[in-house]
S.K.: 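Okay, handing you the structure first.
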Amino acid sequence: MRERPIVTIDGPSGAGKTTVSKRLAQRASLTWLDTGAMYRACALASRRAGIPWSDGKRLGTMCADLAIAFRREGEEVRILLSGEEVSEAIRTPEISMGASEVSVHGPVREAMVALQRRMGEGGGVVLEGRDTGTVVFPDADAKFFLDAHAAVRALRRYREWGPGEGRTYEEVLKDVIRRDILDSTRQHSPLMMAEGAVYIDSTTLSVEEVVDLMLRSIPLPVPRTGEDGKP
Ligand code: DC
């Protein structure tokens, strides 16, 4: 067992990984590492550089030199691309789809996984993504697979950006299903449950209920705080 744990949370889009992992990080005093944001940053950088999302070789070269960093601001964690804050720019529907497309390429994944390992190897971290428990840290101290019914995941995404973007729920559902297929059928590191991972279905659970379940499953000496922020 490590002195400072490595915790991984994988699962499909809209399962609640981001909200849950952020909250878990807060309650267990861990650093939060959003690996999806890194693939999103790669999609944004390639769009800006004029490299097509289908060009795995050029994307891999670009990603190996990509300056991605996270900066904590109070409760928020901002993502920086070459020093520029891109937290909002990477959340558009277009870049969401781009992230799914760039992440199918082996060279892109190799560059991102290497960076994620460097960022997380010291422990005291919770990583969220699609392959954090299967590929990035298969020897993590606790692994979770967070899932929810596709209709509920689409509804969460729709509430997040559907109305503002003028998109219907049906369009968002189609996107969610398309990304599920892309993420779980790709050749390199397809989305799947890591060996030894705990499966949690968040369809009918609140964020705190999911985090409570996780905290009960982490057999580690991490400082824990309750909902009121007190130990
Ligand atoms: O979790 P997210 O929606 O921000 O992820 C964006 C995309 O990045 C997702 O469609 C798949 C990809 N991804 C990945 O392939 N591996 C990861 N560890 C994280 C995300």
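Atoms within a ligand are numbered from 1 in the order they appear, just like the ligands themselves.
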S.K.: Look at the rings of Tyr169 and Tyr158 and say which category their plane angle falls in: under 30° parallel, 30 to 60° tilted, over 60° perpendicular.
M.R.: perpendicular

S.K.: Is it true that atom CD of Glu73 has more than 12 heavy atoms of other residues, nucleotides or ligands lying nearer than 6.0 Å?
M.R.: yes

S.K.: Give the minimum heavy-atom separation between Leu146 and Ala15, together with the two atoms involved.
M.R.: O-CB, 3.2 Å

S.K.: Anything with a heavy atom under 4.0 Å from ligand 1 counts, so go ahead and list those protein residues by chain and number.
M.R.: Thr35, Gly36, Tyr39, Arg40, Arg91, Ala99, Ser100, Ser103, Arg109, Gly129, Arg130, Asp131, Arg157, Arg179, Asp183, Arg186

S.K.: Taking NZ, NE, NH1 and NH2 as the nitrogens, is one of them in Arg71 or Glu76 under 4.0 Å from a carboxylate oxygen of the other?
M.R.: no

S.K.: Residues two or more places apart in sequence or in another chain: which of them pass side chain to side chain contact (heavy atoms under 4.5 Å, CB included) with Asp139?
M.R.: Arg2, Phe137

S.K.: Going only through I, L, V, M, F, W and Y residues with side-chain contacts under 4.5 Å, is there a path from Leu127 to Val198?
M.R.: yes

